[in-house]
Amino acid sequence: MSFRSIKGTKDLLPPDSYAWLHIENTVRDVLHSFRYFEIRTPVFESTQVFARGIGEETDIVGKEMYSFTDKGGTELTLRPEMTAPVMRAFMQHSMQAQQTLTKLYYIGPMFRQERPQAGRFRQFHQFGYESIGLESPYCDAEVIVISAEIYRRLGIPFELKINSIGDNETRTQYRARLQEYLKSVEDQLTEESKRRMHTNPLRVLDSKAPQDKEATEAAPSIQEFLFGNARIHFDTVLSVLDAMAIPYTVDSRLVRGLDYYSHTAFEFVSADLGAQDALGGGGRYDGLSEQLGGKPIPAVGFAAGMERLLMVLEKKGYAFPNAPLDLYIIGLEPESRKWAFETAVALRQAGLTVETDFAERSFKAQMRDANKQDAQYVIIVGEEEMKKQQTILKRMSDGDQKELAFGDVREKVPFIILGDNNQPANEENA
RNA sequence: GUGGGUGUAGCUCAGACCGGUUAGAGCACUGGGUUGUGGCCCCAGAGGUCGCGGGUUCAAAUCCCGUCACUCACCCCA
């Protein structure tokens with residue numbers, strides 16, 4: 001085998017894809033119930049959408065983007081995240097003119113050129129959603145409530161960390177004080193943090209280097225700089241979470257990596273993951289539209305990693321069975337196999353899930369296959385049956401079988417099987 | 001970019017420290033266990049360039065060097 005999938009990319013194969021489908025369906029169900037609608041944007045954008053939207057100083061833009069120049073000389077980038085593209089599309093299509101609040105969700109692949117490790121890939125998949133158009137703290141709260149609901153339905157335990165980085169005024173004041181503090185401990189900081197101290201001081205707090213953690217232990221908390229609207233906004237969000245009985249911890253060091261955040265920032269983490277323990281995260285990003293060259297548009301959103309959810313589910317040992325197999329039709333010789341093929345197609349049109357054998361396997365092998373695939377019923381057709389123009393219909397759960405005329409199969413079999421499915425477990429009376 | 005771990009059958013792994021006749025097991029796969037009835041069990045079969053290249057040796061899956069791949073961790077994030 002000389003070709004392999006590219007480093008950091010992964011093939012999703014059938015047993016895993018059931019779980020994937022389950023997650024997607026759950027995500028869509030919950031979001032539809034909150035009246036969020038799907039948006040699909042191209043997987044690549046002009047590099048500037050990300051460079052300006054996310055911020056030149058971030059790791060994503062600084063060193064993780066899959067960028068290339070196309071044959072026309074245009075600088076393009078495979079999307080590393082979806083918030084900037086969604087905002088770009090929102091602005092491009094003047095969606096604010098159509099309604100006061102626009103609620104969008106997405107599911108799809110993202111790309112970041114990092115060294116892969118557990119829970120981190122170069123092509124990974126996120127679902128996320130954006131609530132665009134209002135400053136209301138209820139939007140922030142709703143965004144958090146939705147993720148909690150999705151995790152709840154999936155059976156994924158989580159911890160919620162939340163913080164507010166306030167409005168522009170908050171950050172201007174806090175930034176100054178923080179820089180002052182950082183200067184006093186500058187010689188204890190890592191090189192990276194010394195540099196960030198000037199470009200993006202808030203992110204020094206986010207550093208996981210023990211050196212930095214120690215040095216910033218006594219740093220002033222942004223929570224003390226939340227006044228007026230910033231304070232009210234955050235308190236309202238928290239009060240909704242309290243009312244919904246969603247547990248959280250306020251973490252004043254949580255600032256999140258991207259430049260566009262303001263006010264609420266939050267992160268869901270899981271104890272069942274490795275070093276990359278973030279299930280998802282989000283926040284308010286009122287400033288993004290302006291960074292993209294438009295008018296101010298308030299917005300708040302969230303994104304979660306599909307692979308990480310899958311990892312947790314795997315670790316929890318949750319199995320997601322394939323769609324059950326209603327019927328397996330066994331054909332024993334050429335004429336019967338042809339009948340089996342045709343009948344299978346007809347019964348599928350009638351709503352059944354049907355399997356037949358193409359390998360011309362022995363009767364026993366086909367029975368074993370039917371059993372292995374967990375078929376509810378088996379139809380057997382051989383020379384004898386062709387002669388008599390009737391089949392044997394066998395129920396696998398108890399071995400009960402009856403004969404059925406060819407002419408009755410298409411009408412009666414769906415009725416028998418689907419009737420059985422609707423009242424499972426307790427037979428006896430049949 | 002930096003550091004650690006691992007590469008033997010489709011999958012999970014023994015065998016390696018102490019080189020030695022046809023490289024093993026379980027699962028999965030195929031056939032069969034008296035004519036056409038599944039699960040459990042039993043029998044048989046198929047399936048391997050021991051990651052790749054070089055070296056040492058009478059002899060290398062095993063020792064040495066190189067290389068590639070995968071993987072985990074750091075930075076950071078989903």
Side-chain angles (χ1 to χ4, degrees), chain A residues 1-10 13 15 54 57-64 79-83 107-128 147 190-193 195-196 200 203 206-212 254-258 267-270 273-282 302-312 325 328 330-333 336 359-386 391-401:
Chain A
M1 191 42 128
S2 49
F3 286 109
R4 303 184 49 85
S5 54
I6 299 302
K7 182 198 288 293
T9 68
K10 224 178 130 195
L13 307 177
I54 302 170
E57 270 307 312
T58 61
D59 282 1
I60 291 179
V61 174
K63 58 181 191 185
E64 296 170 3
R79 64 188 188 197
E81 57 103 54
M82 268 298 270
T83 302
I107 299 179
M110 308 296 154
F111 308 85
R112 291 183 201 173
Q113 189 160 186
E114 299 178 86
R115 201 67 172 267
Q117 71 188 69
R120 185 161 71 197
F121 309 93
R122 290 183 170 181
Q123 174 174 333
F124 59 104
H125 299 77
Q126 290 186 330
F127 71 84
S147 357
T190 57
E191 286 308 309
E192 185 61 24
S193 290
R195 206 177 55 77
R196 284 205 182 117
N200 195 342
R203 289 198 57 218
D206 215 18
S207 170
K208 282 166 192 159
Q211 216 181 321
D212 290 332
L254 177 71
V255 297
R256 300 198 47 83
L258 315 182
E267 196 169 278
F268 287 86
V269 298
S270 167
L273 292 172
Q276 313 306 321
D277 65 353
L279 285 170
F302 171 83
M306 299 279 288
E307 284 83 356
R308 302 229 172 135
L309 298 186
L310 216 56
M311 283 173 73
V312 175
L325 177 58
Y328 193 111
I330 296 177
L332 297 176
E333 29 66 57
S336 303
E360 300 181 21
R361 280 182 288 192
S362 67
F363 181 56
K364 174 183 271 210
Q366 291 193 55
M367 277 304 286
R368 279 180 173 159
D369 192 29
N371 184 64
K372 192 184 127 196
Q373 296 200 49
D374 208 22
Q376 302 303 299
Y377 280 81
V378 166
I379 281 181
I380 299 164
V381 189
E383 231 168 330
E384 252 175 68
E385 286 72 24
M386 288 309 289
T391 66
I392 296 168
L393 176 67
K394 173 172 178 148
R395 181 161 59 195
M396 294 296 270
S397 59
D398 57 5
D400 183 53
Q401 59 184 51

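Order of the sequence lines fixes the chain letters, A, B, ..., with proteins taken first and strands second; residue numbering starts at 1 for each chain.
Nucleic acid contact for A:Ile60: none, since no nucleic acid atom lies under 4.0 Å from a heavy atom of the residue. Residue contacts for A:Arg122: at a heavy-atom cut-off of 4.0 Å it reaches no nucleic acid atom on any strand shown. Across all strands, A:Glu385 comes closer than 4.0 Å to base atoms (heavy-atom distances). In this structure, A:Gly399 reaches the bases: a heavy-atom distance under 4.0 Å links it to at least one base atom across the strands shown. Using a 4.0 Å heavy-atom distance criterion, A:Ile380 is classed as a base contact.
Atom-to-atom, CZ of A:Arg308 to C1' of B:rA78 comes out at 4 Å; the value is rounded to the nearest Å. Taking atom CG of residue A:Asn371 and atom P of nucleotide B:rG38, one finds them 9 Å apart after rounding to whole Å. Atom CZ in A:Arg195 sits roughly 16 Å away from atom P in B:rC75 (whole-Å rounding). The nearest whole Å value for the distance from the CD1 atom in A:Ile54 to the P atom in B:rA78 is 10 Å. If you take CG of A:Leu332 and C1' of B:rU37, they are 10 Å apart, rounded to a whole angstrom. For the pair A:Asp369 CG and B:rC29 C1', the computed distance is 11 Å after rounding to whole Å. Here B:rA78 presents its P atom at 11 Å from CG of A:Asp59, a figure rounded to the nearest Å. Rounded to a whole Å, the CG atom of A:Leu273 is 12 Å from the P atom of B:rC72.
As the counterpart of B:rU6, B:rA69 is assigned, both hydrogen-bonding distances of the Watson-Crick or G-U wobble pattern falling under 3.5 Å. Base pairing of B:rC75: no nucleotide in any strand meets the Watson-Crick or G-U wobble criterion (both distances under 3.5 Å). Figure legend. B:rG26 is base-paired to B:rC11; pairs are counted as Watson-Crick or G-U wobble with both atom distances under 3.5 Å. The partner of B:rA60 cannot be assigned: no Watson-Crick or G-U wobble pair with both contacts below 3.5 Å exists in any strand. Across the strands present, B:rA16 finds no partner; the criterion is a Watson-Crick or G-U wobble pair with both atom distances under 3.5 angstrom. Checking B:rU34 for Watson-Crick or G-U wobble geometry (two distances, each under 3.5 Å) identifies no partner in any strand.
Nucleotides B:rU21 and B:rC65 have their C1' atoms positioned 29 Å apart, rounded to a whole Å. The gap from the C1' atom of B:rG53 to that of B:rG39 amounts to 50 Å, rounded to the nearest Å. Between B:rA23 and B:rU37, the distance separating the two P atoms is 40 Å to the nearest Å. Taking atom P on both B:rG33 and B:rC70, the two are 46 Å apart, rounded to the nearest angstrom. A distance of about 9 Å separates the P atoms of B:rC64 and B:rC17, rounded to the whole Å. B:rC68 and B:rA59: their P atoms are spaced 29 Å apart (whole Å). Rounded to whole Å, the separation between the C1' atoms of B:rA25 and B:rC18 comes to 23 Å. The C1' atoms of B:rG32 and B:rA69 are separated by 41 Å, rounded to the nearest whole Å.
For B:rC74, the OP1/OP2 oxygens have a side-chain nitrogen or oxygen of A:Gln276 closer than 4.0 Å. Side-chain N/O atoms of A:Gln401 include none lying less than 4.0 angstrom from OP1 or OP2 on B:rU37. Taking 4.0 angstrom as the limit, A:Lys7 places a side-chain polar atom (N or O) nearer than this to OP1 or OP2 of B:rC70. Contact check, A:Arg203 against B:rC77: a side-chain N or O comes under 4.0 Å of OP1 or OP2.
Considering CG of A:Asn371 and CG of A:Leu325, their distance stands at 11.0 Å, rounded to 0.5 Å. Here the CZ atom belonging to A:Arg115 is positioned 10.0 Å from the CZ atom belonging to A:Arg120, to the nearest 0.5 angstrom. Here the CZ-OG1 distance, from A:Arg203 to A:Thr58, works out to 7.0 Å after rounding to the nearest 0.5 Å. Between A:Ile54 atom CD1 and A:Thr83 atom OG1 the span is 8.0 Å, to the nearest 0.5 Å.
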Exercise for review: Quick one, give me the B/S/- string for nucleotides 3-11 of chain B, reading 5' to 3', where B means a protein heavy atom under 4.0 Å from the base and S means that only happens at the primed atoms, P, OP1 or OP2.
Suggested key: ---------
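In this structure, A:Arg122 contributes its side chain and A:Pro116 its backbone to no donor-acceptor pair below 3.5 Å. A donor-acceptor contact shorter than 3.5 Å is absent between the side chain of A:Arg308 and the backbone of A:Leu279. Of the possible polar contacts, one joining the A:Gln376 side chain to the A:Asp374 backbone as a donor-acceptor pair under 3.5 Å is found. A:Glu307 contributes a side-chain N or O that, together with a main-chain N or O of A:His125, makes up a donor-acceptor pair within less than 3.5 Å. With hydrogens and angles disregarded, a donor-acceptor distance shorter than 3.5 Å links the side chain of A:Gln366 to the backbone of A:Gly331.
Judged by distance alone, with hydrogens and angles left aside, A:Lys63 brings a side-chain donor or acceptor within reach of the base of B:rC75, the pair sitting under 3.5 Å. Residue side chain A:Glu114 reaches the base of B:rA78 through a donor-acceptor N/O pair under 3.5 Å, judged by distance alone. Contact of A:Arg4 with B:rA69 (side chain to base): no donor-acceptor pair of N or O atoms is detected under 3.5 Å.
Shown here are the salt bridge (Lys or Arg N to Asp or Glu O under 4.0 Å) partners of A:Asp400, two or more places apart in sequence or in another chain: A:Arg395. The ring-ring contact (aromatic ring centres under 6.0 Å, His included) search around A:Phe302 returns A:Tyr129, A:Phe266, A:Phe268, not counting sequence neighbours. A:Arg361 meets the side-chain hydrogen bond (donor to acceptor under 3.5 Å, both in side chains) test with A:Asp357, A:Asp369; sequence neighbours excluded. For the salt bridge (Lys or Arg N to Asp or Glu O under 4.0 Å) test, no residue two or more places apart in sequence or in another chain qualifies with A:Glu385.
For A:Lys372, taking side-chain heavy atoms from C-beta onward, the closest of the listed nucleotides B:rA73, B:rC76, B:rA28 is B:rA28. If you check B:rU37, B:rC77, B:rA78 against the side chain of A:Asp277, the one that comes closest is B:rC77.
RNA chain B is contacted by both A:Ser193 and A:Glu384; A:Glu384 maps to the nucleotide lying nearer its 5′ end (nearest heavy atom per residue). Between A:Ala118 and A:Ala304, the residue anchored nearer the 5' end of RNA chain B, judged by the nucleotide with its closest heavy atom, is A:Ala118.
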Just the table, please: protein N/O against nucleotides 31-34 of chain B N/O, every pair under 3.5 Å.
unit_1: B:rG32; atom_1: OP2; unit_2: A:Ser362; atom_2: OG; d: 2.8
unit_1: B:rG32; atom_1: O6; unit_2: A:Arg368; atom_2: NH2; d: 3.1
unit_1: B:rG33; atom_1: N7; unit_2: A:Lys364; atom_2: NZ; d: 2.9
unit_1: B:rG33; atom_1: O6; unit_2: A:Arg368; atom_2: NH2; d: 2.8

